[in-house]
Structures are given as structure tokens and as C-alpha cells.
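The structure appears below as C-alpha cells.
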Amino acid sequence: LDMLDRLGNANIPLTILGEAGCGEDNIAQYAHDVSSRRNKPFLKINCAYMTEDLVTAELFGSGSSEFGLLHRAEGGSLYIENITLLPDQTQYRLMEHIHATNGKANDIRYIIYPNSMNGMREPRLTAPLIHYFNSSPFVIPSLRERPADIILLTMQQLRHIHENLGLERTVSPDVMAAILEYDWPGNIRQLNNVLERMAFMSDNTLMDSVALLQRCLSANKQFRHMQTTAEHPPQPKLWKELMSEYEIKIINQYVAQYGTLRKAAAALGVSHSLLSYKLKKHYEQASAGTAPGQ
């Protein structure tokens with residue numbers, strides 16, 4: 001987000017990279033909202049759900065009196081999702097429009113998400129578009145690569161469910177632990193769908209059934225093995241213990257990735273002394289037999 005803030009006034013295209021469901025739509029919207037174009041149109045098109053003729057007509061218009069997105073997005077941003085599914089001819093036509101010198105080119109900031117969600121057509125990006133969009137890639141890590149975000153995203157979705165569906169729901173520490181253990185192959189989209197399904201299926205404000213979580217994951221058609229099962233529920237833990245356990249897990253992951261505690265601290269944006277203190281406290285508790293999960 002800091003990177004997008006810095007690019008706010010730069011009139012350069014943005015390429016969003018990441019697995020489907022990782023929050024690409026929100027990132028595109030955020031990039032527009034923090035830009036100097038925030039008061040102009042933000043339009044989007046998903047090439048995965050349209051025929052070749054229809055997506056071409058949507059972009060360029062289908063007649064002299066009907067304007068396409070390339071006209072209506074004047075001064076604003078145009079988000080093209082699954083752009084690799086555009087026919088080659090349309091890709092070349094789009095490139096000609098972007099670089100037109102005859103007055104046809106509009107003042108538009110282009111944001112693209114190239115990943116394909118449709119296996120019926122082979123995705124590809126032509127060389128001119130690759131060179132044009134290669135200057136500013138923005139990579140969104142998968143949800144399993146940022147477990148610390150899962151708690152915040154869960155709380156955000158529960159607030160959304162309360163505000164928009166009128167269902168006040170919270171999750172117990174056991175359910176949160178199970179949520180954190182799952183690898184979420186469908187990323188944020190899957191997490192939000194599962195929490196919404198749980199909210200509708202739960203009779204209580206406090207959702208404390210790990211079995212219900214498993215059923216909702218199965219219904220989501222992306223169920224994978226979870227370390228926590230309904231037959232062997234986890235031992236109850238205090239919220240503070242859970243947070244401490246996953247805090248140490250994240251620190252260890254960063255140390256393994258960056259090689260030293262000092263480099264891990266720099267990557268996390270915290271001081272070296274803070275990580276040293278947390279690790280020391282954790283292993284002192286482990287030695288005494290009181291560390292959570294030990």
C-alpha cells in the first residue's frame with residue numbers, strides 16, 4: 001500500500017500479480033482512490049466472462065453513437081482483469097489506441113490483472129503489451145504467505161457481515177486457531193465466503209464449532225486436510241496465547257527467509273531488540289513448560 005501511495009500521482013500503468021482471490025480487485029480500487037484521478041471514473045472489465053466480440057465492443061464501442069470503456073474512462077482509471085484472454089488482434093488494437101498520435105488516445109491510467117481464471121482459452125500477452133505493462137508490477141502475496149493478515153481479514157469480514165447482513169458473529173479461539181492452520185488456496189475470496197456461510201449456518205453469536213468450519217470448507221469445494229479435526233478438537237487456549245504462538249511462527253519464518261534476526265526485523269519494519277525480546281520471552285516460557293503449543 002505504501003508503494004501505491006508513492007505512485008499516486010504517477011501516470012504509469014500498474015500490473016497486479018498474484019493468485020486468484022488474493023484481493024486484486026481491492027488493490028486496483030485502492031490504486032485509483034489514492035491517485036490524482038480519484039474524482040474521475042474508475043471502470044473495470046473482466047475478459048474471462050465475455051466472448052471475443054463482446055469484450056472488443058465493450059472496450060472500443062460497437063457503433064458511432066455508442067462509446068466504449070476507452071472513451072468513458074477519460075481522465076480516470078481502467079482496470080482490465082484477465083487481460084491475457086484478450087484476442088491478439090484486440091491487444092494490438094489496444095496498444096495502438098494507447099500510443100495513438102492522431103488524437104484518439106485518451107487520458108487513462110491502465111491497471112491490469114493478467115492471470116487467467118478460465119481454462120477454456122489459452123492466456124497470453126502480446127509483446128507490445130508486455131513491454132508496456134512491465135514497468136510497474138505489484139505482487140500480492142498469497143494468504144498462506146501472510147498468516148498475520150488472516151486475523152485482521154477475519155475481523156474485517158465479520159464486521160462486513162454484521163453491517164450488511166445484520167448477523168452479529170464472532171469466532172472462538174479454537175475456530176481462529178483452525179482458520180490460521182488452514183492454507184486457504186482460494187485466498188481472501190475463499191476466506192470471506194466460508195465466514196459468510198458459517199454466519200448463516202450458526203445459531204449463536206459466538207461461532208465456536210470447528211466442525212462447522214470444516215463443513216463450510218467442504219461446501220466451498222476447496223476443502224483440504226486440516227490439522228485440527230472435529231474428532232480431536234484443540235485444547236482451549238487464551239487469545240493472548242494464540243497471538244503469541246503465531247507471532248513466534250511469523251518471526252521464525254522471516255528469520256528462515258532472510259537468514260538473520262536483524263534482517264528479519266528490517267523486513268518486518270520493527271527493531272531488532274523487539275524481536276530478540278519476544279524470542280527470549282517465548283523460549284524462557286518453553287523451558288519452564290508454559291509456552292503455548294509447546
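Hydrogens, waters and symmetry mates are skipped; everything else that's a heavy atom, side chains included, is used. Index from 1, following the sequence.
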Query - E196 and N192: side chain donor to acceptor below 3.5 Å - result: no
**Report entry** Within one Ile-Leu-Val-Met-Phe-Trp-Tyr cluster: V34 and M3, side-chain cutoff 4.5 Å
**Finding:** yes
Query - Main-chain N/O of C22 paired to E24 side chain as donor or acceptor, under 3.5 Å - result: yes
Requested in this report: Verify side-chain hydrogen bond (donor to acceptor under 3.5 Å, both in side chains) between Q29 and D33, making sure each step is shown before the conclusion.
Outcome: CA-CA 6 Å; Q29 181 70 61; D33 291 343; 3.0 Å; yes
Query raised in the report: Heavy atoms, side chains only, cut-off 4.5 Å: are I179 and L195 in contact?
Result: yes
Query raised in the report: Looking at Q190 and Y182, what are the two nearest heavy atoms and their distance?
Result: NE2-OH, 3.4 Å
Query raised in the report: What is the distance from atom CZ of R197 to atom CG of L212, rounded to the nearest 0.5 Å?
Result: 10.0 Å
Requested in this report: Taking R189 for its side chain and G186 for its backbone only, find out whether a donor-acceptor pair lies under 3.5 Å.
Outcome: no
Query raised in the report: Do the side chains of L180 and L206 join up, straight or via other hydrophobic residues, at under 4.5 Å, putting them in one cluster?
Result: no
Report task. Show the numbers, then the answer: is there a side chain to side chain contact (heavy atoms under 4.5 Å, CB included) between L14 and L4? Result -> CA-CA 9 Å; L14 178 66; L4 294 178; 3.7 Å; yes
Query raised in the report: For the residue pair A31 and R109, what are the closest heavy atoms and their distance?
Result: O-NH1, 3.6 Å
Query raised in the report: Within the distance-only criterion (no hydrogens, no angle test), does the side chain of T154 pair as donor or acceptor with the backbone N or O of I150 below 3.5 angstrom?
Result: yes
Report task. May I have the step-by-step check of side-chain hydrogen bond (donor to acceptor under 3.5 Å, both in side chains) for D5 and Y30, ending in yes or no? Result -> CA-CA 9 Å; D5 290 341; Y30 183 87; 2.8 Å; yes
Requested in this report: Would you mind reporting whether V171 and D208 have side-chain heavy atoms less than 4.5 Å apart?
Outcome: no
Query raised in the report: Given side chains that start at C-beta, do those of I140 and E145 come closer than 4.5 Å, heavy atoms only?
Result: no
Query raised in the report: Salt bridge between D107 and K40, side-chain N to carboxylate O under 4.0 Å?
Result: no
Query raised in the report: Under 4.0 Å between a Lys/Arg side-chain N and an Asp/Glu carboxylate O for E19 and R144?
Result: yes
Query raised in the report: Less than 4.5 Å apart, any side-chain heavy atom of I27 and any of L1?
Result: yes
**Report entry** Side-chain touch R169/Q157, heavy atoms, less than 4.5 angstrom
**Finding:** no
Requested in this report: To the nearest 0.5 angstrom, please state how far the CD atom of Q91 sits from the OG1 atom of T56.
Outcome: 10.5 Å
Query - Pairwise distance CD1(I108) to CG(L43) - rounded to 0.5 angstrom - result: 8.5 Å
Query raised in the report: Looking at T90 and L59, what are the two nearest heavy atoms and their distance?
Result: CG2-CD1, 4.2 Å
Query raised in the report: Atom CD in E168, atom OG1 in T205: separation rounded to 0.5 Å?
Result: 5.5 Å
Query - Residues E81, C47; criterion side chain to side chain contact (heavy atoms under 4.5 Å, CB included); working and verdict - result: CA-CA 6 Å; E81 192 171 0; C47 305; over 6 Å; no
Requested in this report: Work out which heavy atom in H32 is nearest to a heavy atom in R37; give both atom names and the distance.
Outcome: CE1-O, 3.0 Å
Report task. Look only at the side chain of Y113 and the backbone of A20, and say whether a donor-acceptor pair between them is shorter than 3.5 Å. Result -> yes
Report task. For the pair V175 and S209, evaluate side chain to side chain contact (heavy atoms under 4.5 Å, CB included) and give the outcome as yes or no after the intermediate values. Result -> CA-CA 7 Å; V175 170; S209 171; 5.6 Å; no
**Report entry** Pairwise distance CH2(W184) to OG(S142) - rounded to 0.5 angstrom
**Finding:** 13.5 Å
Query raised in the report: How close do D25 and Y79 get, heavy atom to heavy atom, and via which atoms?
Result: OD1-OH, 3.1 Å
Report task. Would you please test I111 and I16 for side chain to side chain contact (heavy atoms under 4.5 Å, CB included) and show each step? Result -> CA-CA 7 Å; I111 303 172; I16 300 174; 3.8 Å; yes
Report task. Count the heavy atoms belonging to other residues, nucleotides or ligands that lie under 6.0 Å from CZ of R262, then report whether that count exceeds 12. Result -> no
Query raised in the report: Do you know the tightest heavy-atom contact between N187 and G21?
Result: CB-O, 3.1 Å
Report task. Compare all side-chain heavy atoms of M207 with those of T170 and state whether any distance is below 4.5 angstrom. Result -> no
Query raised in the report: Does the side chain of M155 reach to within under 4.5 Å of the side chain of R159, using non-hydrogen atoms?
Result: yes
Query - Side chain proximity check, L70 to H97, heavy atoms < 4.5 angstrom - result: yes
Query - I80, L17, L85, L86 screened by side chain to side chain contact (heavy atoms under 4.5 Å, CB included) with P114, the one that passes - result: L17
**Report entry** Separation of R93 CZ from I98 CD1 (nearest 0.5 Å)
**Finding:** 13.0 Å
